[in-house]
Amino acid sequence: MSISVPARILAIETSTGACSAALYVDGDIQQRYALAPRQHAALILPMIESLLVEAGMKVTQLDALAFGRGPGSFTGVRIAASVVQGIAFAAELPVVPVSTLAALALGAMRESGEAQVLAALDARKNEVYWGAYRHVDSDLARLQGEECVCLPDTITEPQNYSWVGAGSGWAAYGPLLLERTGERVLRVLPDLEPVARDVARLAVDAYRNGQVISPEAVCPVYLRNDVADPRKA
């Protein structure tokens, strides 16, 4: 059953080099953002506090928490999961996990005005995190097929035209991805990062439809079992 009450959701996104938090209150979204690799742990809690103070709210007045659950940086995804889980336990709030690729796609739709996005994040090890998304009613991005981690030259080719490529995967492996997608891609946004405001927008719909989890069920999604950085081996 869909939840009809107004939504008040705090969302965070730390899966990439960008760190952000957003507060959604009855249709209004405020965000804090910084492109600051390896500083997420120090930045995210002050961002959350700043948003709540500005809104004159306490955590216990929220309806739910949301986070970018991955895929993305191993450390970054874990930070988001840990922070949200800790707050959710303390405040006894439900949690909405949101795909990082879906948030990236929704941001690309807003930026480009196009309805179809091929979201790709650099997964290291010469691979990309990959997902194809299409705009649907209620300003949402719906996954077409499945998200995966794969070599850039083995991605599933889109079957129709007018796609936008978005994310760091395009910055790292653009030529290989374009060999597979060709003229089906109209535009590429290689520097676009997933942000908390889009995590919040996706979380609102999920929350209103009862798609929430308990704090103890919070976990990151990596799309691969081996998440170690080979440079540290």
Side-chain angles (χ1 to χ4, degrees), residues 13-20 33-38 68-77 80 98-137 139-199 201-202 220-231:
E13 170 51 60
T14 61
S15 300
T16 67
C19 178
S20 58
Y33 172 89
L35 186 58
R38 296 178 295 279
R69 50 83 166 157
S73 158
F74 172 64
T75 302
V77 174
V98 173
S99 164
T100 302
L101 291 174
L104 174 62
L106 191 59
M109 291 170 187
R110 182 181 64 252
E111 177 77 14
S112 68
E114 299 294 336
Q116 298 184 127
V117 174
L118 298 172
L121 291 172
D122 185 358
R124 309 300 179 185
K125 302 183 180 181
N126 297 315
E127 293 180 320
V128 292
Y129 298 120
W130 180 262
Y133 283 85
R134 183 169 295 155
H135 181 270
V136 296
D137 292 340
D139 201 21
L140 298 176
R142 179 171 295 164
L143 179 64
Q144 308 297 300
E146 297 181 351
E147 294 182 345
C148 67
V149 57
C150 61
L151 296 171
D153 58 359
T154 64
I155 60 167
T156 301
E157 297 181 41
Q159 297 303 306
N160 49 359
Y161 290 81
S162 301
W163 293 87
V164 171
S168 60
W170 290 91
Y173 308 107
L176 289 174
L177 295 175
L178 286 172
E179 282 184 16
R180 295 284 292 179
T181 58
E183 59 184 12
R184 298 179 183 88
V185 172
L186 298 174
R187 181 182 177 189
V188 174
L189 303 171
D191 299 322
L192 195 68
E193 300 277 0
V195 294
R197 66 180 292 185
D198 294 314
V199 172
R201 291 164 68 196
L202 292 166
V221 171
Y222 300 119
L223 292 186
R224 64 153 62 115
N225 293 323
D226 180 11
V227 294
D229 187 337
R231 293 171 296 179

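Heads up: numbering here begins at 1 and tracks the sequence.
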Contact summary for [X] and [Y], nearest pair of heavy atoms:
{"X": "R69", "Y": "V77", "answer": "O-CG1, 3.5 Å"}
{"X": "W130", "Y": "T156", "answer": "NE1-O, 4.0 Å"}
{"X": "Y173", "Y": "N126", "answer": "OH-CA, 3.2 Å"}
{"X": "G70", "Y": "S15", "answer": "N-OG, 4.0 Å"}
{"X": "P152", "Y": "V128", "answer": "CG-CG1, 4.2 Å"}
{"X": "G131", "Y": "L143", "answer": "CA-CD1, 4.4 Å"}

Stepwise side-chain contact (heavy atoms from CB on, under 4.5 Å) test for L106 and L140: CA-CA 7 Å; L106 191 59; L140 298 176; 5.6 Å; no
Trace of the side-chain contact (heavy atoms from CB on, under 4.5 Å) decision for V195 with E13: CA-CA 6 Å; V195 294; E13 170 51 60; 5.6 Å; no
Neighbour count >12 (heavy atoms, 6.0 Å) for atom CD, E157: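 Enclosed.
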V164: which of V185, L189, L118, V188 passes side-chain contact (heavy atoms from CB on, under 4.5 Å):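 It is L189, the one option of V185, L189, L118, V188 that forms the side-chain contact (heavy atoms from CB on, under 4.5 Å) with V164.
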Distance, nearest 0.5 Å, that separates [atom1] of [X] from [atom2] of [Y]:
{"X": "D122", "Y": "W170", "atom1": "CG", "atom2": "CH2", "result": "13.5 Å"}
{"X": "R184", "Y": "Q116", "atom1": "CZ", "atom2": "CD", "result": "11.5 Å"}
{"X": "L104", "Y": "T16", "atom1": "CG", "atom2": "OG1", "result": "8.5 Å"}
{"X": "L176", "Y": "L151", "atom1": "CG", "atom2": "CG", "result": "9.5 Å"}
{"X": "E127", "Y": "C148", "atom1": "CD", "atom2": "SG", "result": "9.5 Å"}
{"X": "R134", "Y": "W163", "atom1": "CZ", "atom2": "CH2", "result": "5.0 Å"}

Side-chain donor or acceptor of T14 paired with backbone N/O of G76 under 3.5 Å: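 Yes.
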Heavy-atom donor-acceptor pair, R187 side chain to E114 backbone, under 3.5 Å: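 No, because the side chain of R187 does not come within donor-acceptor range (under 3.5 Å) of the backbone of E114.
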Side-chain heavy atoms of P194 within contact of V199, under 4.5 Å: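 No - every pair of side-chain heavy atoms lies 4.5 Å or more apart.
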Residues that R201 engages under salt bridge (Lys or Arg N to Asp or Glu O under 4.0 Å), provided they are two or more places apart: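 For R201, the residues satisfying salt bridge (Lys or Arg N to Asp or Glu O under 4.0 Å) (neighbours in sequence not counted) are D139, D198.
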Test side-chain contact (heavy atoms from CB on, under 4.5 Å) applied to Q144 and Q159, step by step: CA-CA 11 Å; Q144 308 297 300; Q159 297 303 306; over 6 Å; no
Flag for E147-Y133: side-chain donor and acceptor within less than 3.5 Å: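 Looking only at side-chain atoms, E147 and Y133 do form a donor-acceptor pair, the distance falling under 3.5 Å.
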